[in-house]
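Position 1 is the first residue of the sequence; numbering continues from there. What you see is a predicted model, and the numbers here were worked out from it, not measured in a lab.
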Amino acid sequence: MAEVMASAAAGVMGSVIGKLGTMLTEKYKLAKDVERGIRFLQEELSTMDAVLQMLADKDDDQIDPLAKDWRSKVRELSYDIEDCIDRFMLNHSHGGSKANFVRKAMRKVKTLFEDGGIAEEIQELKSLVSEQSERGKRYYDINQCLAASAQPVLLDPRAPALFQEAMDLVGVDAPREEIIQLLKCEEQQHKVVSIYGIGGQGKTTLAMEVYHKITEVFDCRAFVSVSQTPDMKTLLRDILSQISKSNFDSSERMETDQQLIRTVRQRLMDKRYFILIDDIWSVSAWELLRSALPLNNNGSRIITTTRVKAVANSCCTGIAAQMYEAKPLNDDDSQRLFFKRLFFSSDDCHPDLRKVCSDILKKCSGLPLAIISIAGLLANRSKTLEVWNNVLRSISAAVDKDSPIDKMKRILLLSYFDLPHHLKSCLLYLSVFPEDFSIDCRELILLWVAEGLIPGQDRESMEQLGRSYLNELINRSLVQPTKVGVDGTNVKQCRVHDVILEFIVSKAVEDNFVTIWNGDGFSRNIYSSNKIRRLSIRNVNSAQAAKEIARTIKNGAHIRSINVYQSDSYLLRKHASEFLNSQVLRVLAIGGIFSECNLGHVKSFGQLKYLGAGLQLTEDAQKLQHLETLDLSWANLESIPTCITQLHKLVRLLVRSSVHLPDEIRNLQALEELSRVNLGIQSIKFIQGLGDLTNLKVLEIEWLCSIELRDMKDHKEACISTVSRLFSHLRELRVLESDPDATCLFNKASGRFKHPLPKACNQQTRISAFGQV
């Protein structure tokens, strides 16, 4: 919708205006004509930004096609201006303090030539901005725009409870028992129940309730979620991981689906198994999975869920099976779920609001996701009859005469329109994640910061603001919390319901906010720009696909982030150098172990702030001067080069416990999180330097003392001294493995400090208690 695109354009515009202001400071000593050009851009874009903010407040029907086209062109122009600024700032960066006189002189000469280039580029951008500015004035009068509130948002304690209620209690009991009865059989025959129904109706919730409720003895159990574009190798390996660890470990060497199917089938052949296969979208996906599940008449049970009745019918063909159509919630259960979000009990609802509540619930047609979404919208409104009647009128206009699934989408659209401007881009960014993906909340906030979606200059306050943004999305029921800390205020992991994700993806692609490769090609938007700004890559399992993606990336000078999921390592093994050629790249996040790749062949690292990939580091890593997060937990490394200690903005460093870290660790004074360090293999100099990291807040360690180390008094004393010093400022300390000797040392170190840590834990050996985790 137009508001979606307007808000995304407004988001990048704010970042551009701020950077133009930075260029006008004394640091950059610009030529007069360049400075005048930048001031012109800053003033014109500020005016355009006001129009974009007004557009974001209007519904789609209120915006004519010419204005939509103008908005799209302004968005792309904003991106291009920001890319120009970032290249300029990179070329004027003087590197580390060790740069010698000759290198500085050569850079200065080069910069003189480059300034001539930017003058021409600024002049061209001025012309384009002037053109769009005149077009905008033909459509709109500029009125005063209201600024969004920057008040911190706390997690609503009822939000996690709501999802727990939806998962475990509301309206589940009767259908759960009905399906359990369908699965029962006096004989040891193979039995299947396929649950089908529209998205948002609670099929997965119901299936999981049955899965956990059935307590019969089975030799093995497994649960997998298929999704619309399944990676069959990943699915089959997921089943193996749950039914046989030994077969799972050996499956890494299996290259084809057929090899994995044979392995799963052989493992289950003589077993009584219970398998839940969730969210099957096609008959072909079911048939491939069914070929791995032997029909052995040992009393095995299978539950499937799908939105497609034909798929449910296929699941039940040729075997003892039953189809079960998921039903909407009845009036009582709908009301219970609705009130749970808005009030602590139904008794707290004012009598004047009960009639409008009943009318709103009728519009939701008993769909749990629709009820939760509307409740999330109303939770942020005042509880008055006038306000709620206005919401009812909006819902009525949107959903009357629609099918149930269209009603669901319309209701999501209303929830989206109700978001403040600053949340829209953050919500759209969730489109980079695949279906059913468990999102680490800390990682998500760091990605938002790296992408420039959180305003501000101070990184710590930006992360706190990012946490507020996430809490607000959860409070509005657009994001589901899946793991919450024991204090109930800090969400650790979250996910997006697949129906909501479909909605987000459609808007992000339409806006050219994200481009997605999903197995068979790139997503395309309906507007004129072919430039890729953010790229999410999933399901790359062929050399031909890898070549096409690499060719696109190599020519993609405007790509700001690359996220890779569920893909074969071939993509990175053969094409790693293309991934880091863009001077405007801010994020590179790649899951998987790619030990053959290194950073030695790239041209420039530009603005990279977040690097999470299984890469081999070389001395070129010192170029990553903007890097804030370095996640090498996927990398099979023995050590990390000393040059990383020159990354003075590095805040978060994640490695495997087998990695030897540089002795000069004390140089990383910005570091706040370090994981996972085996103190037993680090040098004394490293351990002493670790104690000098006064900004360190989160530390995850192993403390396994070898026989040799037990005889090394200096090493022990260094560990005790360092841990003692760190206790004064750490917020969280995790000791993942330790032997009795190391635990004794830990207790000795902790005893030197009087004040308890907020969080401290040992996952294998009981240690002194410092609070709850």
For this session: Might you work through the salt bridge (Lys or Arg N to Asp or Glu O under 4.0 Å) test for Arg307 and Asp498, ending with a clear yes or no?
Result: CA-CA 12 Å; Arg307 300 187 194 184; Asp498 53 2; 3.4 Å; yes
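- Here the side chain of Arg538 pairs a donor or acceptor atom with the backbone of Phe433 at under 3.5 angstrom.
- A donor-acceptor pair shorter than 3.5 Å cannot be found between the side chains of Asn298 and Ser300.
- Glu325 CD to Ile198 CD1: the interatomic distance, rounded to the nearest 0.5 Å, is 9.5 Å.
- Checking side-chain atoms of Asp440 against main-chain N and O of Arg442 turns up a donor-acceptor pair under 3.5 Å.
- With Tyr196 as the aromatic partner, Lys203 does not meet the cation-pi criteria of under 6.0 angstrom to the ring centre and within 45 degrees of the ring axis.
- Contact check for Leu535 versus Val432: no side-chain heavy atoms found under the 4.5 Å cut-off.
- Two residues are said to be in side-chain contact when any heavy atoms from C-beta on lie closer than 4.5 Å; Ile537 and Tyr565 fail this criterion.
- Under the 6.0 Å distance and 45° angle rule, Lys383 counts as a cation-pi partner of Phe343.
- Geometrically, Arg495 does not engage Phe437 in a cation-pi contact defined by less than 6.0 Å to the ring centre and at most 45° from the axis.
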For this session: Before giving the answer on side chain to side chain contact (heavy atoms under 4.5 Å, CB included), spell out for Arg265 and Leu293 the whole-Å C-alpha distance, their side-chain angles and the decisive distance to 0.1 Å.
Result: CA-CA 6 Å; Arg265 190 175 182 84; Leu293 306 175; over 6 Å; no
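- Atom CZ of Arg237 sits about 10.5 Å away from atom CG of Asp231, to the nearest 0.5 Å.
- Separating the CG atom in Asp257 from the CG atom in Leu235 is a distance of 9.5 Å, to the nearest 0.5 Å.
- Scanning both residues, Gln201 and Lys327, for their nearest heavy atoms gives NE2-C, 3.7 Å.
- Contact of the Cys494 side chain with the Gln480 side chain is not registered, since no non-hydrogen atoms from C-beta on lie closer than 4.5 Å.
- Residues meeting the salt bridge (Lys or Arg N to Asp or Glu O under 4.0 Å) test with Lys483, sequence neighbours left out: none.
- For the pair Leu206 and Arg176, the tightest heavy-atom approach, listed with the atom from each and the gap, is CD1-N, 3.6 Å.
- Atom-to-atom distance recorded for Ile280:CD1 and Gln228:CD is 13.5 Å, nearest 0.5 angstrom.
- Across every non-hydrogen atom of Ser477 and Ile500, the tightest pair is O-CD1, 3.9 Å.
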Exercise. Going through the distances and angles, do Arg267 and Ser244 end up as a side chain to side chain contact (heavy atoms under 4.5 Å, CB included)?
Worked result: CA-CA 8 Å; Arg267 185 66 189 176; Ser244 172; 3.4 Å; yes
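- In summary, the side chains of Thr304 and Ser194 do present a donor paired with an acceptor at a separation below 3.5 Å, with no hydrogens or angles considered.
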Problem set entry | Derivation of the side chain to side chain contact (heavy atoms under 4.5 Å, CB included) call for Leu423 and Leu473 | CA-CA 8 Å; Leu423 284 183; Leu473 291 174; 4.3 Å; yes
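- A salt bridge links Asp359 to Lys355: at least one charged side-chain nitrogen sits closer than 4.0 Å to a carboxylate oxygen.
- Within a 6.0 Å sphere centred on CG of Asp352, other residues, nucleotides and ligands contribute more than 12 heavy atoms.
- Side chains of Gln242 and Asp238: a donor-acceptor N/O pair is present below 3.5 angstrom, by distance only.
- Judged by the 6.0 Å distance and 45° axis criteria, Arg301 is not positioned over the aromatic ring of Tyr273.
- With hydrogens and angles ignored, the 3.5 Å screen pairs a side-chain donor or acceptor of Asn296 with a backbone N or O of Met269.
- You'll find the side chain of Ser358 reaches within 4.5 Å of the side chain of Lys362, heavy atoms only.
- For the residue pair Arg534 / Ser536, no side-chain donor-acceptor distance below 3.5 Å is found, with atom types taken as modelled.
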For this session: Would you please test Ile360 and Leu378 for side chain to side chain contact (heavy atoms under 4.5 Å, CB included) and show each step?
Result: CA-CA 11 Å; Ile360 288 172; Leu378 288 170; 4.0 Å; yes
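- Using a 4.5 Å heavy-atom cutoff, the side chains of Thr306 and Trp281 are not in contact.
- The shortest side-chain heavy-atom distance between Val226 and Leu289 falls under the 4.5 Å cut-off.
- Relative ring orientation between Phe274 and Tyr211 is described as tilted, the plane-to-plane angle lying within the 30° to 60° band.
- Looking at Pro368 and Leu329, their side chains come closer than 4.5 Å, going by heavy atoms from C-beta outward.
- Once rounded to the nearest 0.5 Å, the distance linking NE2 of His350 with CG of Leu353 reads 7.0 Å.
- Pairing each heavy atom of Cys357 with each of Phe338, the nearest pair is SG-CE2, 3.7 Å.
- The shortest side-chain heavy-atom distance between Leu369 and Ile371 does not fall under the 4.5 Å cut-off.
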Exercise. Does the salt bridge (Lys or Arg N to Asp or Glu O under 4.0 Å) test come out yes or no for Glu463 and Arg467, once each step is laid out?
Worked result: CA-CA 6 Å; Glu463 288 188 24; Arg467 174 63 66 176; over 6 Å; no
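- Residues Ala508 and Ser431 share a closest heavy-atom pair of CB-OG, 3.4 Å.
- Across every non-hydrogen atom of Leu501 and Val496, the tightest pair is N-CG1, 3.7 Å.
- Within the structure, the salt bridge (Lys or Arg N to Asp or Glu O under 4.0 Å) test picks out the following pairs touching residues 272-296 (sequence neighbours left out): Glu216-Arg272.
- Residues passing the ring pair (Phe, Tyr, Trp, His ring centres under 6.0 Å) test with Trp388, sequence neighbours excluded: none.
- Here the CG atom belonging to Leu446 is positioned 11.5 Å from the SG atom belonging to Cys441, to the nearest 0.5 angstrom.
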